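Indexing begins at 1, ligand by ligand and atom by atom, following the structure's order. Since we're looking at a predicted model, the values are computed, not measured.
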Amino acid sequence: MINIEDYLKTKKGIVENYINNILPVYNSPCDKLSQAVEYSLFSGGKRFRPILCIATGEVLGGKEEKLLPVACALEFIHNYSLLHDDLPCMDNDDYRRGQPTCHKKFDESTALLAGDGLLTLAFEIIAHNNSCFAPDVLLKVIWELASASGVRGMVGGQAFDLLMKQRNLSELLMLHKMKTGALIRASVRAGALLCNTTEENLSILTAYSENLGLAFQIVDDVLDKDKDNEINSFLSVYSAGEAKEKVYDLTNEAIEYLKPLGDRALILKEIARYFCKRSY
Ligand code: GRG
């Protein structure tokens, strides 16, 4: 039996400890910039993406200490995206995770540069801390993270989001698949790629991650239902009841995909169940 809350707490601590230890190595001589990077990374956060990456890798026999640099790179990319998303030219948010956003705490140009720095650092950390992996494995992982983050992934999804146009269900699905789903998918696939898994396992895990990403976004929309920007929310096409049902179906389907992996995939099932029932 896995106690999922204990598992997530332990993994979160391990991820945060790793980030804390490596961050000084990559400090900028500009203290203000380093402080903004650190502020963004340590202002809370569930560490969902690095935990997913590590959990997937461990299911396939990978070792946590080897998975950590890529797992943390995913958290750096995620934090860059939140930081830029909060800027006045995008969502113009004053608070994130219950604390002042980076541009409120520092200033707009520092927040912009901290985001740029986080994105670049993600790839620096992968290149610098992975001598145990074969170069072709690392190239695949770098491609996975870069393509999920860029114009065909998260950045593209954000661009669609900013167009603020009324959308039908299939357009909304595409937007969120790019904006939120791509990095969640990459978190699972990166963990699997680092373990040299088979094509069959990779496609099972990809299907799992795609369902999970979509369910995660619908839950996010339900939790954010009172926020002003509802045009791209799934609640513009689903009632609250339908959204709940959709999350339930997507989660069960995600778990179903894992069946061929047997008991070793139990933790991925628990993660899917936990995050799709989350209230924060
Ligand atoms: C600016 C390139 C660029 C992209 C921004 C991810 C994103 C695109 C915007 C964030 C807005 C948002 C609330 C998206 C919905 C899903 C999501 C990514 C929620 C936040 O992720 P969590 O819940 O955050 O994992 P924590 O705080 O736990 O790290």
Checklist entry - Which ligand 1 atoms, with their elements, are less than 4.0 angstrom from a heavy-atom of Gln217? => result 15 (C), 16 (C)

Checklist entry - Ion pair present between Lys104 and Asp93, side-chain N to carboxylate O less than 4.0 angstrom? => result no

Item to check | Val155: numbered ligand 1 atoms lying under 4.0 Å from its heavy atoms | outcome: 2 (C)

Next on the checklist: Just to be sure I'm reading this right: ignoring hydrogens, which of Lys12, Met154, Arg49, Arg47 gets closest to atom 25 (O) of ligand 1? Compare them by their nearest heavy atoms.
Outcome noted: Arg49

Checklist outcome for this item: ligand 1 atoms nearer than 4.0 angstrom to some heavy atom of His84 are 1 (C)

Item to check | Option of least heavy-atom distance to atom 2 (C) of ligand 1 (set: Phe216, Phe48, Phe275, Tyr80) | outcome: Tyr80

Checklist outcome for this item: Judged by heavy atoms only, the candidate from Met178, Met90, Lys46 nearest atom 23 (O) of ligand 1 is Lys46

Item to check | Sub-4.0 Å atoms of ligand 1 with respect to non-hydrogen atoms of Asp85 | outcome: 1 (C), 5 (C), 9 (C), 10 (C), 11 (C)

Next on the checklist: For a side chain to side chain contact (heavy atoms under 4.5 Å, CB included) check, start with the C-alpha distance between His103 and Thr110, then their side-chain angles and the critical distance, and finish with the verdict.
Outcome noted: CA-CA 7 Å; His103 66 275; Thr110 303; over 6 Å; no

Checklist entry - Are Phe123 and Phe76 an aromatic pair by the rule of ring centers under 6.0 Å? => result no

Item to check | Cation-aromatic face contact Arg47/Phe42, 6.0 Å, 45 degrees | outcome: yes

Checklist entry - What are the atoms of ligand 1, with element, lying closer than 4.0 Å to any heavy atom of Leu82? => result 10 (C)

Next on the checklist: Check Glu58 with Lys11, please: is the shortest side-chain N to carboxylate O separation under 4.0 Å?
Outcome noted: yes

Item to check | Per-atom contacts of ligand 1 with Gly45, taking only distances under 4.0 Å to non-hydrogen atoms | outcome: 26 (P), 27 (O), 28 (O), 29 (O)

Item to check | Proximal ligand 1 atoms for His78, defined as those under 4.0 Å from one of its heavy atoms | outcome: 20 (C), 21 (O), 22 (P), 24 (O), 25 (O), 26 (P), 29 (O)

Next on the checklist: Within the 4.0 Å heavy-atom shell around Thr180, which atoms of ligand 1 are there?
Outcome noted: 15 (C), 16 (C)

Which atom pairs, donor and acceptor, lie under 3.5 Å between side-chain atoms of residues 20-29 and protein residues at least two apart or in another chain?
unit_1 : atom_1 : unit_2 : atom_2 : d
Asn21  : ND2    : Asn17  : O      : 3.3
Tyr26  : OH     : His128 : ND1    : 2.7
Tyr26  : OH     : Asn129 : ND2    : 3.0
Asn27  : OD1    : Ser34  : OG     : 3.3
Ser28  : OG     : Cys30  : N      : 2.9

Item to check | Qualifying side chain to side chain donor-acceptor pair (under 3.5 Å) pairs, either residue in residues 130-150, two or more places apart | outcome: Glu144-Arg189

Item to check | side chain to side chain contact (heavy atoms under 4.5 Å, CB included) partner of Thr197, the single match among Leu202, Leu261, Ile204 | outcome: Leu202

Item to check | Shortest reach to atom 3 (C) of ligand 1 by a heavy atom, considering only His176, Arg96, Arg97, Gln158 | outcome: Gln158

